[in-house]
Amino acid sequence: MEETLLYAAELVEEGGTYRLVVQDVVRDTVQVTPVPKTAVDRLPTFLSVLSAKLNPAPARSRR
């Protein structure tokens with residue numbers, strides 16, 4: 001199965017400020033959004049929660 005890149009995202013820090021840069025590869029557009037440091041610090045946790053929700057562990061059977 002061939003992969004198709006739809007979006008590319010970068011979190012950029014410059015001079016103590018952060019911004020999220022998202023490129024829509026299909027439409028050839030870019031959106032830039034400022035991101036507070038508190039959100040940057042929570043990003044690993046957010047990604048873990050998102051991953052767990054999208055890929056839940058299989059239910060364990062009771063014995």
Side-chain angles (χ1 to χ4, degrees):
M1 179 182 291
E2 183 178 328
E3 290 184 359
T4 301
L5 181 62
L6 301 176
Y7 294 93
E10 296 179 284
L11 181 60
V12 180
E13 184 270 334
E14 183 178 355
T17 62
Y18 300 88
R19 65 185 190 276
L20 179 63
V21 180
V22 179
Q23 178 185 6
D24 181 331
V25 176
V26 175
R27 294 176 183 86
D28 194 27
T29 59
V30 175
Q31 290 184 316
V32 180
T33 304
V35 179
K37 173 125 176 44
T38 55
V40 172
D41 293 341
R42 292 190 313 251
L43 188 58
T45 301
F46 172 76
L47 292 174
S48 293
V49 170
L50 180 62
S51 180
K53 286 187 181 213
L54 295 176
N55 302 302
R60 296 183 187 192
S61 62
R62 291 186 176 185
R63 293 179 189 209

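We use all heavy atoms of the structure for the numbers below, so side chains are in, but hydrogens, waters and symmetry mates are not.
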Sequence neighbours left out, cut at 3.5 Å: what donor-acceptor pairs do the side chains of residues 22-30 make with other protein atoms?
from	atom 1	to	atom 2	distance (Å)
Asp24	OD1	Val26	N	3.1
Asp24	OD1	Arg27	N	3.0
Asp24	OD2	Arg27	NH1	2.9

Check your understanding: If Ile, Leu, Val, Met, Phe, Trp and Tyr residues are connected whenever their side-chain heavy atoms lie under 4.5 Å apart, and connections chain through other members, are Val21 and Leu6 in the same group?
Key -> no

Point to revise | Nearest heavy-atom neighbours spanning Lys53 and Pro56 | key: O-CD, 3.7 Å

Under 3.5 Å, which donor-acceptor pairs do the side chains of residues 35-45 form with other protein atoms, sequence neighbours left out?
from	atom 1	to	atom 2	distance (Å)
Lys37	NZ	Asp41	OD1	2.7
Lys37	NZ	Asp41	OD2	3.2

**Study point:** Heavy atoms of other groups near Gln31 CD, more than 12 under 6.0 Å
**Key:** no

Practice item. Consider only side-chain heavy atoms of I, L, V, M, F, W and Y, link residues closer than 4.5 Å, and tell whether Val32 and Val12 are in one cluster. Key: yes

